[in-house]
Amino acid sequence: MTTLEPATDAATDNLAALESEAIHIFREVAGEFDRPVILFSGGKDSTLLLHLAIKAFWPAPVPFPLLHVDTGHNFDEVIDFRDRVVEQHGLRLVVAKVQDWIDDGRLEERADGMRNPLQTTPLLDTIAENKFDAVFGGGRRDEERARAKERIFSLRNAFGQWEPRRQRPELWNLYNGRHRPGEQVRVFPLSNWTEADVWNYIAREKVELPSIYYAHRREVYQRDGMWLAEGPWGGPRPDEVVQELTVRYRTVGDGSCTGAIESTAATVDEVIAEVSASRLTERGATRADDRMSEAAMEDRKREGYF
């Protein structure tokens, strides 16, 4: 007699497969490299990355430190969340402050006030100083066309630069971590996730995020089609009117170039419904630094950025 197996939930199977792949990548790096580090800003992707790392090594502690390149123009809610998570899990956090590089003359403030493009030098200097040889990032291929070119193990030269022709094939989930002294490998366990996958997994795992990812009242002003918040980064200009709106953030970063969207999505389920209806990625919709040119992200990646 033929028995029928119960129907499986395709979404659940997809999340399980993505989780399994990410955990495998974390463990592979732990076995291949001497000094890995996880980039952690307190944003949703890096928080998910940390959640997966905790699962990968549980009940042992996460064997890598965290690194945050702090522009000094972050949202208070995100920095508070970052520090609370680090304390909660007993993690070591290395903070590279862009302001320190400005103060000693290694960097100069940009005329437009953006500090996201200034992150590359502090990142590379801190990697070199700590001799980190594998750096985990939360980049996903669906975010931006340059990131879609990335391998999961992305080889960088001794200057931290991305060279597309040196990237290696990754067949059958086999990852080649070989590198010369001074070179690094950037590792992207979330490469195959989409924004919808991220939010569905956050819902399934009940992952806590900074409050600004959900609808709240905030004073904002419009510039180049985005709602920006007041802060130490400057603005608004004389012709820009401040309004109090109900907004949320799809991505978080430097406050001078990270825009909010008008939204009433105050719960995870409401955010999932909103994301499912969107036709723009979170970076395309709310990040001014990616709008500077058609190849803005790829240019920064070649210089050593993620």
Side-chain angles (χ1 to χ4, degrees), residues 10-11 13-26 28-29 36 38-41 43-53 56 116 119-120 123 134-156 160-177 184-202 204 207 213 250-253 258 271-272 275-287 289-306:
D13 287 350
N14 179 56
L15 293 179
L18 291 170
E19 178 190 71
S20 178
E21 178 186 58
I23 287 174
H24 167 67
I25 292 165
F26 272 109
E28 187 73 15
V29 169
I38 301 173
L39 278 187
F40 183 72
S41 65
K44 73 178 188 309
D45 294 324
S46 65
T47 298
L48 175 55
L49 207 59
L50 177 58
H51 178 84
L52 290 163
N116 257 27
Q119 290 179 296
T120 299
L123 172 65
V135 186
F136 289 99
R140 307 188 322 268
R141 291 184 179 129
D142 77 321
E143 289 181 276
E144 202 272 341
R145 68 187 71 181
R147 285 184 166 171
K149 300 178 183 179
E150 287 278 18
R151 301 289 194 268
I152 290 175
F153 274 32
S154 179
L155 182 67
R156 304 298 173 99
Q161 296 169 327
W162 179 60
E163 298 175 343
R165 293 188 179 185
R166 291 191 63 201
Q167 303 309 304
R168 298 151 175 171
E170 293 177 338
L171 306 175
W172 307 293
N173 292 334
L174 297 175
Y175 305 111
N176 184 351
Q184 322 145 25
V185 174
R186 308 289 175 87
V187 184
F188 301 99
L190 304 183
S191 287
N192 294 322
W193 298 57
T194 65
E195 186 182 9
D197 293 329
V198 168
W199 278 105
N200 279 305
Y201 188 81
I202 285 168
R204 192 188 83 174
V207 178
Y213 278 104
R250 289 179 67 181
T251 181
V252 297
T258 304
V271 170
I272 290 171
V275 167
S276 298
S278 176
R279 292 296 176 265
L280 282 175
T281 69
E282 65 267 47
R283 293 193 70 94
T286 63
R287 292 295 285 270
D289 53 331
D290 289 342
R291 300 181 180 185
M292 290 188 292
S293 76
E294 282 292 316
M297 175 62 78
E298 184 154 344
D299 291 342
R300 293 167 66 193
K301 279 162 55 63
R302 289 182 186 274
E303 295 168 359
Y305 183 73
F306 266 77

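When reading the values below, keep in mind they use all heavy atoms of this one structure, side chains included, and skip hydrogens, waters and symmetry mates. Since we're looking at a predicted model, the values are computed, not measured.
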Sorted by chain and number, sequence neighbours left out, ring-ring contact (aromatic ring centres under 6.0 Å, His included) with F40 holds for none
Using 0.5 Å steps for rounding, measure from the CH2 atom of W193 to the CD atom of E21. 9.0 Å
Tell me every residue that passes side chain to side chain contact (heavy atoms under 4.5 Å, CB included) with A56, counting only those two or more places apart in sequence or in another chain. I23, F26, R27
Which residues pass the side-chain hydrogen bond (donor to acceptor under 3.5 Å, both in side chains) test with N14, not counting sequence neighbours? D197
Working to the nearest 0.5 angstrom, can you tell me the gap between F153 CZ and I25 CD1? 7.0 Å
Taking all atoms of both residues into account, what is the closest heavy-atom pair of T194 and R140, and its distance? C-NE, 3.7 Å
List the atom of I38, the atom of L49, and the distance in Å for their closest heavy-atom pair. CG2-CD2, 3.9 Å
Residues at least two apart in sequence or cross-chain that pass side-chain hydrogen bond (donor to acceptor under 3.5 Å, both in side chains) with E28, listed by chain then number, are none
Could you report the tightest heavy-atom contact between V252 and G43, atom names first, then the distance? CG2-CA, 3.6 Å
Taking atom CG of L39 and atom CG of L50, what is their separation to the nearest 0.5 Å? 12.0 Å
Go through the structure and list residues passing side chain to side chain contact (heavy atoms under 4.5 Å, CB included) with S41, not counting sequence neighbours. S46, H68
Going from CG on D45 to CD1 on I202, what distance comes out if it is rounded to the nearest 0.5 angstrom? 7.5 Å
How long is the span from the OH atom in Y201 to the CG atom in L190, to the nearest 0.5 Å? 10.0 Å
